[in-house]
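Quick caveat: nothing in here was measured; it's all calculated off a predicted structure.
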Amino acid sequence: MKKITLIVLFLIGLSKFAFSQPPVYKEVAKITDSSDYYLEIGLFNKEDKKSYSKAILYTEKAIEYAKKKNLEEKLGDSYLQLATIFFELEKNDLAIDYYIRAASIFSKKSPKSNIALAYYGLGKCYLIKNNIDLAETYFEKAAIIYEKLNFLEAIELINLQKAIIKKEKGYYDEATAILKVVVEKISDDALLSTKTEAYIQLSELEIIKKDYPQAIDYLNLALLTNKYGNKDFKFTKRIYKLLSTSYEKNNNISSSNFYLKKYVHLTDSISKLNNNNLTENTVDKIQFDKQLKTIEQLDKERKSQQKTLQFSKLISILSIALISILSLLSLSLYKNNKIRTSTNKLLKDKNKELTLEKEKAERASKARADFLSTVSHELRTPLNAINGITYLLLHEKPKASQLNYLKSLEFSGNYLLNFINDILEINRLESDKVVIEKINFNLSELTKNIVISFKEFIHENNIKCHLNFDETIDCNLKGDPTKLSQILINLLNNAIKFSKNGDVWCTIKKKNETNNNLTIYFEIKDNGIGIPKDKQDAIFDSFSQGSVEINRTYGGTGLGLSIVKKILELMGSQIHLQSESGKGSTFSFELQFEKGIDNQTKDEVIKPYQSIFIEKKVLLVEDNKINQMITQKMLEKRGISCKIIDNGEDAIEEAKINNYDLILMDVHLPGINGTEATSEIRKFNTCTPIVALTAISLNENREMLLSYGMNEVITKPFEPEHFYKVVTKYLTSTEQSNS
């Protein structure tokens with residue numbers, strides 16, 4: 001693996017050779033290209049001194065210098081080195097972020113090893129995060145580029161990763177076939193570490209298949225290959241451990257103990273060597289002691305197994321006698337076996353029928369989800385026009401007689417948008433594409449803001465709202481505030497809606513506390529119409545509201561409680577309901593949070609001062625005529641000059657000819673789409689902010705859009721306040737960079 005590391009470092013132009021030169025050479029490097037100098041210092045600290053904190057410090061200095069001097073390629077190299085450091089520190093989310101930044105900078109006109117290296121890094125990160133599909137995609141991208149470059153070692157290393165992915169997916173035969181090809185193709189001594197790993201993976205596959213003699217053969221080949229290669233002690237340890245396990249499974253206890261002792265001896269030798277060469281990132285002694293205890297425990301288990309084998313021989317003799325007796329009884333069971341055979345055949349036929357029905361149900365469910373997702377996505381474009389025109393008319397001083405009509409139109413548009421969002425949320429939850437975040441937030445502040453947001457609704461329904469918050473709770477928690485907000489908003493909305501002229505209680509109290517975690521009890525109670533006993537199970541189904549009369553009287557989509565139930569299941573909890581018709585309802589649940597850090601600092605709100613927009617030019621790339629008109633009007637209301645292009649090809653040419661302070665890019669365009677157009681623009685313009693406009697659907701990925709070089713994503717139909725906030729943010733950043 002050391003060979004692979006050196007080649008990777010060579011690909012991004014960071015040779016360690018510079019650090020063996022005299023001080024004069026270092027000084028020249030610093031003067032000639034300060035970005036290269038900082039990168040070399042960072043690499044030296046990571047590779048030679050194992051000082052990751054200093055490695056990060058100097059790599060960030062390289063990033064700052066590259067940005068200051070507009071050195072695009074050096075900025076990509078710096079992002080790539082920082083991503084590699086974070087990967088080695090097992091901070092995979094940060095590594096993914098910087099790998100994506102590097103990939104978006106590197107040119108895609110002709111294949112280059114640096115973008116392939118970024119794709120390979122993303123594949124490794126997603127493989128560790130167990131996102132097998134994304135890992136496979138990025139490895140495939142890297143492989144295509146390496147094949148064009150005829151980079152044999154990288155190609156075989158990627159093939160090795162593909163085999164590991166096949167193994168993880170359970171495609172053992174395919175994984176074995178790939179690994180055998182890797183072993184056959186490698187003849188160069190520089191590739192022996194890859195060949196050793198391939199033999200080890202083959203042995204693990206044979207252990208899974210319980211072909212232990214074949215596994216032992218592969219392990220011996222791995223041991224021999226490693227001996228003539230780099231003599232990597234990590235490989236040797238793994239091989240000894242797997243040999244011990246394979247011999248044990250093959251009932252060769254003496255050989256198993258032999259290799260176990262070699263494994264323990266090698267571990268002890270490495271430990272002593274590390275104790276004499278302590279560095280900043282030396283393996284923790286406590287962790288090593290735990291490993292030794294594990295090895296001792298394994299040795300005890302082996303001795304216990306030897307005793308068990310002796311006992312097993314006695315059991316075998318008794319078993320033979322018992323089998324003889326049972327064989328006599330089997331004659332009397334002959335008729336019963338015939339009956340059992342016919343019964344089994346009947347059961348198999350029924351199972352086939354059930355399997356077919358299950359597959360039909362799954363296909364119907366998928367078709368429903370695809371249909372709802374498509375319809376919801378397609379409704380967003382015309383809905384953007386409705387909401388946008390309504391907003392513009394409301395701000396053009398309409399007549400008093402028109403105001404009520406416009407308010408009704410605004411309410412209907414918002415209601416339809418909430419309905420579409422609920423449908424997308426249900427589809428997203430059912431598709432298992434939802435990730436539970438763990439970020440710092442303030443529980444007290446979040447709860448109060450939610451209650452305040454219902455102020456107008458509470459007043460309309462004449463509700464007395466009581467918030468009972470346990471003051472002993474440490475409000476700074478670590479969890480998913482967005483999902484928690486969805487739960488509380490849906491439950492409070494139902495409680496207020498179904499308790500007109502009544503009371504609503506929101507109770508939050510501490511249930512249990514440890515040094516690092518808090519278990520909190522949430523309860524939303526009302527004294528409204530209640531839910532009949534026979535409807536309480538169905539109330540959590542999608543589009544269910546108990547009865548047609550309730551839907552006609554109170555309105556709503558019937559998706560709120562279904563969303564609450566699915567989110568809580570994803571968070572490892574469940575919703576509890578106590579209700580009686582005419583006597584109100586109580587919904588409760590418990591959630592566990594990690595204790596967080598103080599996050600009282602509020603996000604700064606960008607104020608749209610009119611002076612910011614003077615003489616600002618925005619390029620709007622949008623093919624829908626109504627959306628063109630609405631967006632242009634909203635920009636011109638703030639004094640912003642706007643030019644409209646209706647396709648990606650002309651947008652690329654326009655960006656080459658003229659300078660703009662901001663580009664608003666629709667994703668779905670005729671011909672070249674918005675992502676392709678953005679990628680082309682970034683080849684000659686990396687400074688102008690590009691904001692995506694999209695009616696984002698279930699299958700669209702915000703991370704994917706940003707990877708093409710976009711700075712932000714605005715979802716259609718957009719709220720005017722959010723639209724102005726994003727526009728202001730990037731026009732302000734452009735003005736500051738120009739100054």
>> Please determine whether side-chain hydrogen bond (donor to acceptor under 3.5 Å, both in side chains) holds for the pair Q632 and E636, giving the CA-CA distance in whole Å, both sets of side-chain angles, and the decisive distance to 0.1 Å.
In response: CA-CA 6 Å; Q632 184 180 28; E636 290 176 349; 3.3 Å; yes

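- Under the salt bridge (Lys or Arg N to Asp or Glu O under 4.0 Å) criterion, K91 pairs with no residue, sequence neighbours left out.
- Partners of K129 under the salt bridge (Lys or Arg N to Asp or Glu O under 4.0 Å) rule, at least two apart in sequence or in another chain, are D93.
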> Run the side-chain hydrogen bond (donor to acceptor under 3.5 Å, both in side chains) check on T686 and E72 step by step: do they pass?
Replying inline: CA-CA 8 Å; T686 60; E72 184 177 351; 4.8 Å; no

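- Between the K616 side chain and the S641 main chain, no donor and acceptor come within less than 3.5 Å of each other.
- Surrounding NZ of K625 are at most 12 heavy atoms belonging to other residues, nucleotides or ligands under 6.0 Å away.
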>> Evaluate N490 against N493 for side-chain hydrogen bond (donor to acceptor under 3.5 Å, both in side chains), listing each step before the verdict.
In response: CA-CA 5 Å; N490 277 302; N493 182 72; 5.8 Å; no

>> Is there a salt bridge (charged side-chain N to carboxylate O under 4.0 Å, His left out) between E622 and K716? Walk through the geometry before answering.
In response: CA-CA 12 Å; E622 169 68 72; K716 297 178 186 176; 2.9 Å; yes

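- Enclosure of atom NZ in K633 is not indicated, since only 12 or fewer non-hydrogen atoms of other residues, nucleotides or ligands lie within 6.0 angstrom.
- Note on ring orientation: taking the six-membered ring where Trp is involved, the planes of Y98 and Y79 are tilted (angle from 30° to 60°).
- One finds a salt bridge joining K683 and E680 here, because a Lys/Arg side-chain nitrogen approaches an Asp/Glu carboxylate oxygen to under 4.0 Å.
- For the residue pair L71 and S35, the shortest heavy atom distance occurs at CD1-CB, 4.4 Å.
- A 6.0 Å sphere centred on CG of N658 holds more than 12 heavy atoms belonging to other residues, nucleotides or ligands.
- Judged as a side-chain contact (heavy atoms from CB on, under 4.5 Å), and not counting sequence neighbours, the contacts of A55 are N45, K46, I85.
- Scored by the salt bridge (Lys or Arg N to Asp or Glu O under 4.0 Å) test, E64 finds no partners at all (sequence neighbours excluded).
- Figure legend: cation-pi geometry between R682 and Y708 absent, as NZ or CZ is not positioned both under 6.0 Å from the six-membered ring centre and within 45° of its axis.
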> Do L664 and L635 pass the side-chain contact (heavy atoms from CB on, under 4.5 Å) test, and can you show the C-alpha distance, the side-chain angles, and the key distance before you say yes or no?
Replying inline: CA-CA 11 Å; L664 298 176; L635 291 170; 4.1 Å; yes

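- The salt bridge (Lys or Arg N to Asp or Glu O under 4.0 Å) search around K643 returns E654, not counting sequence neighbours.
- By the 6.0 Å and 45° rule, K124 stacks over the aromatic ring of F87.
- Every residue meeting the side chain to side chain donor-acceptor pair (under 3.5 Å) condition with D97, not counting sequence neighbours, appears here in chain and number order: R101.
- Enclosure of atom CD in E721 by more than 12 non-hydrogen atoms of other residues, nucleotides or ligands within 6.0 angstrom is indicated.
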